[in-house]
Q: 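Pasting a structure here, questions to come.
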Number of protein chains: 2
Amino acid sequence: MRRANAKASGYAAVKNELLRRIRNKVWAPGALVPGEIELAESFGVARGTMNRAMRELTEQGYLERKRKGGTRVRPSPLRAARFEIPIVRAEIEGIGAAYAYKLLARRIAPVSAELRNLFGLKGKERLLYLECLHLADGMPFQLEERWINLKALPQAEAANFTELGPNEWLVQTVPYTDVEIAFEACAASTLSAEQLRVKRGEPLFTTLRTTWFKGDAITHVRLTFHKGYRMVTRY
Amino acid sequence: MRRANAKASGYAAVKNELLRRIRNKVWAPGALVPGEIELAESFGVARGTMNRAMRELTEQGYLERKRKGGTRVRPSPLRAARFEIPIVRAEIEGIGAAYAYKLLARRIAPVSAELRNLFGLKGKERLLYLECLHLADGMPFQLEERWINLKALPQAEAANFTELGPNEWLVQTVPYTDVEIAFEACAASTLSAEQLRVKRGEPLFTTLRTTWFKGDAITHVRLTFHKGYRMVTRY
DNA sequence: CAGTGGTCTAGACCACGTT
DNA sequence: ACGTGGTCTAGACCACTGG
């Protein structure tokens, strides 16, 4: 029974109207809003439709829901942005440049206290350290410094990273359950300054990513981008 | 008819199994997977349940769906991360520090070519420029440089930004339809070095955000964080 | 134009968490 | 204990688009 009642029906229309009521403070921040069933009736839609609208508004940070507790307007709507983290190759080819990859170093790494902590190491586990450069049209684009936990991923020791970068190799090989990503601005180190052809101390955009599989840290990577790099998203 | 058939039913269980098939290349990258109806039957769930599982996997970047075209495994699963962009006050109070706000400057700004371009200005429109400092326990936390389009938002000229920061004022006042956010590393300018108490040229993490409402640029802001700031997310 | 995904409905049972 | 959201089902119509 599709109603052509007042306006266009459908969960998207419902969402918009709910959003309007939140923005115009028809429902004050923190206030309890009517229940699904009641709202569904008043909108003339099925409960499932109202549920989807409210669920998505919850995911988007506008509402808070609790069983039995009901639904509330989030006091200050939390803004969230989605950033796509492309594989370097795709990002470079996406801007129409030729991609090239170079393996700079590969060794069993001495384990610093920081890494030991990150990987939750206790004994004499071994880490594989890889240093790679990704180039766009011959210009250095991104420096990759990666540590791989050989205990969690012994097959990495046999892998040849001269052709395929560890990033792509890992994506194709290993599943993960948890990821932590951090962005920061850091001063060019001796290594990154040399590889990315800037002066030491220049500000460079950096991404740090650690990946776990069921509690075990698999890999940690520091990606340092060329000078002037911007990470952009729009919504 | 809830089946206790093989494993736990439910859209989450279905999702996991689909994900397993993707990861283990039971369905190769780029390959066409069976249709909803067929899969729903083979899993012993309703089509609606299968639809939700597949829809969420699509949102998460694992599948591509087209009407009539069917569903395919995304060739390289695109990784996306969600970052919450909290209001500064909430972020500072969230780490247990006392929040303080200071308005440093407020004037009708000379319009640079860059800003003119950003706001899509043609004639002699006026921009309100605001310079604010956000402090955590008395230490400079974030420098806010903001431009507001007075043509799109004339009421901003009357607003008093000495108590309430423009960020919070805007959130409470203006709806928006489009947002662009960019992250970059930049060298401390004379202004930011002075306010954030670092040397000129130090690397600082910066967020740029532009907000539109139905095609008109409302406001543009540059947020420069204190030295050593990291933006982190986990999933 | 025919097939696939997109969405809606009405009804039902269940789980969690407040009371 | 009981009310609210979370989810499932079976069936239906529709919209887009590939062949």
Side-chain angles (χ1 to χ4, degrees), chain A residues 1-19 21-22 27-28 30-75 77, chain B residues 1-19 21-22 27-28 30-75 77:
Chain A
M1 193 198 302
R2 203 66 159 286
R3 302 276 204 85
N5 196 342
K7 306 201 170 182
S9 181
Y11 85 96
V14 171
K15 246 178 92 169
N16 284 333
E17 171 58 16
L18 296 181
L19 200 47
R21 293 191 189 178
I22 293 167
W27 293 326
L32 196 62
V33 314
E36 283 189 351
I37 325 90
E38 189 183 334
L39 279 175
E41 281 173 8
S42 76
F43 276 75
V45 300
R47 194 192 152 206
T49 303
M50 180 57 67
N51 181 278
R52 179 162 179 192
M54 296 179 84
R55 174 164 31 95
E56 293 195 357
L57 287 174
T58 303
E59 283 164 4
Q60 287 170 32
Y62 292 102
L63 297 175
E64 284 174 327
R65 315 194 78 185
K66 266 186 243 168
R67 279 164 152 132
K68 169 73 179 176
T71 302
R72 293 179 175 281
V73 177
R74 224 183 178 116
Chain B
M1 195 199 305
R2 200 66 156 289
R3 301 277 204 83
N5 197 340
K7 308 204 171 183
S9 179
Y11 84 97
V14 171
K15 249 178 89 171
N16 285 334
E17 171 58 17
L18 297 181
L19 200 46
R21 294 192 187 177
I22 294 168
W27 293 325
L32 196 62
V33 315
E36 284 188 351
I37 326 89
E38 189 182 334
L39 280 175
E41 281 171 10
S42 76
F43 275 75
V45 300
R47 193 191 153 206
T49 302
M50 182 55 68
N51 181 277
R52 180 162 178 192
M54 296 179 83
R55 174 163 31 93
E56 293 194 359
L57 286 174
T58 304
E59 283 164 4
Q60 288 170 32
Y62 292 101
L63 297 175
E64 284 175 327
R65 315 193 77 186
K66 268 186 240 167
R67 281 166 151 125
K68 168 72 180 179
T71 301
R72 290 177 177 283
V73 177
R74 240 203 162 94

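Labels below follow one simple rule: chain letters A, B, ... track the order of the sequence lines, proteins then strands, and each chain is numbered from 1. The figures that follow rest on heavy atoms only: side chains count, while hydrogens, waters and symmetry mates do not.
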Q: Nearest 0.5 angstrom please: A/Asn51 CG to A/Tyr11 OH, how far?
A: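 It is 13.0 Å, given to the nearest 0.5 Å.
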Q: Would you say A/Arg55 places a side-chain N or O within less than 4.0 Å of OP1 or OP2 belonging to D/dG6?
A: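 No.
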Q: Just the rounded figure in Å: distance from P of C/dG5 to CD of B/Glu56.
A: 17 Å
Q: Is there side-chain contact between B/Arg72 and B/Leu63, with at least one heavy-atom pair below 4.5 Å?
A: no
Q: Rounded to the nearest 0.5 Å, what separation is found between the CD atom of B/Glu56 and the OG1 atom of B/Thr58?
A: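 So the gap between those two atoms works out to 9.5 Å.
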Q: Is any side-chain heavy atom of A/Val73 less than 4.5 Å from a side-chain heavy atom of A/Tyr62?
A: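 A/Val73 does not reach A/Tyr62 side chain to side chain.
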Q: Can you pull out the residues from residues 45-53 of chain B that lie within a 4.0 Å heavy-atom distance of DNA chain C?
A: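 DNA chain C contact set from residues 45-53 of chain B: B/Arg47, B/Asn51.
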Q: Can you tell me how far apart CZ (B/Arg55) and CZ (B/Arg65) are? Round to the nearest 0.5 Å.
A: 9.0 Å
Q: Rounded to whole Å, please give me the gap between CD in B/Glu64 and C1' in C/dT4.
A: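 In whole Å, C/dT4 C1' and B/Glu64 CD are 15 Å from each other.
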Q: Determine, step by step, whether A/Glu59 and A/Met54 satisfy the side-chain contact (heavy atoms from CB on, under 4.5 Å) criterion, reporting the C-alpha distance in whole Å, the side-chain angles of both residues, the deciding distance to 0.1 Å, and the verdict.
A: CA-CA 9 Å; A/Glu59 283 164 4; A/Met54 296 179 84; over 6 Å; no
Q: Taking DNA chain C as the partner, which of residues 66-73 of chain B come within under 4.0 angstrom of it by heavy atom?
A: B/Lys66, B/Arg67, B/Lys68, B/Gly70, B/Thr71
Q: B/Gln60 and B/Lys15: side-chain contact (heavy atoms from CB on, under 4.5 Å), yes or no, with the steps?
A: CA-CA 11 Å; B/Gln60 288 170 32; B/Lys15 249 178 89 171; 2.9 Å; yes
Q: Please report the distance, rounded to the nearest Å, between CD in A/Glu36 and P in D/dG6.
A: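 Taking CD of A/Glu36 and P of D/dG6, I get 6 Å after rounding.
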Q: Specify the separation, in whole Å, of atom CG of A/Leu57 and atom P of D/dG6.
A: 12 Å
Q: Nearest-Å distance, CD1 (A/Ile37) to C1' (C/dA10)?
A: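 So the CD1-C1' distance, A/Ile37 to C/dA10, works out to 14 Å.
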Q: Enter the inter-axis angle for the ends of the helix from C/dC1-D/dG18 to C/dT18-D/dA1 (five pairs per end, rounded to 10°).
A: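 Between the first-five-pair axis and the last-five-pair axis there is 20°.
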Q: Hey, are A/Glu36 and A/Arg52 close enough for a salt bridge, meaning a charged N less than 4.0 Å from a carboxylate O?
A: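 Looking at A/Glu36 and A/Arg52, the cut-off is not met.
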Q: Tell me the interatomic distance from B/Phe43, atom CZ, to D/dC8, atom P, rounded to whole angstroms.
A: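 That distance rounds to 13 Å.
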Q: Kindly compute the distance separating CE (A/Met50) from CG (A/Leu39), expressed to the nearest 0.5 Å.
A: 5.0 Å
Q: Using whole Å, report how far CD of A/Glu59 lies from C1' of D/dG6.
A: 13 Å
Q: Can you tell me the distance, in whole Å, between the CD atom of B/Glu41 and the P atom of D/dA10?
A: 11 Å
Q: Can you tell me how far apart CG (B/Leu32) and CH2 (B/Trp27) are? Round to the nearest 0.5 Å.
A: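 Here the interatomic distance stands at 10.5 Å.
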Q: With A/Val33 as reference, evaluate A/Thr71, A/Leu18, A/Ile22 under the side-chain contact (heavy atoms from CB on, under 4.5 Å) test and give the passing residue.
A: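 Among A/Thr71, A/Leu18, A/Ile22, the one that satisfies the side-chain contact (heavy atoms from CB on, under 4.5 Å) with A/Val33 is A/Thr71.
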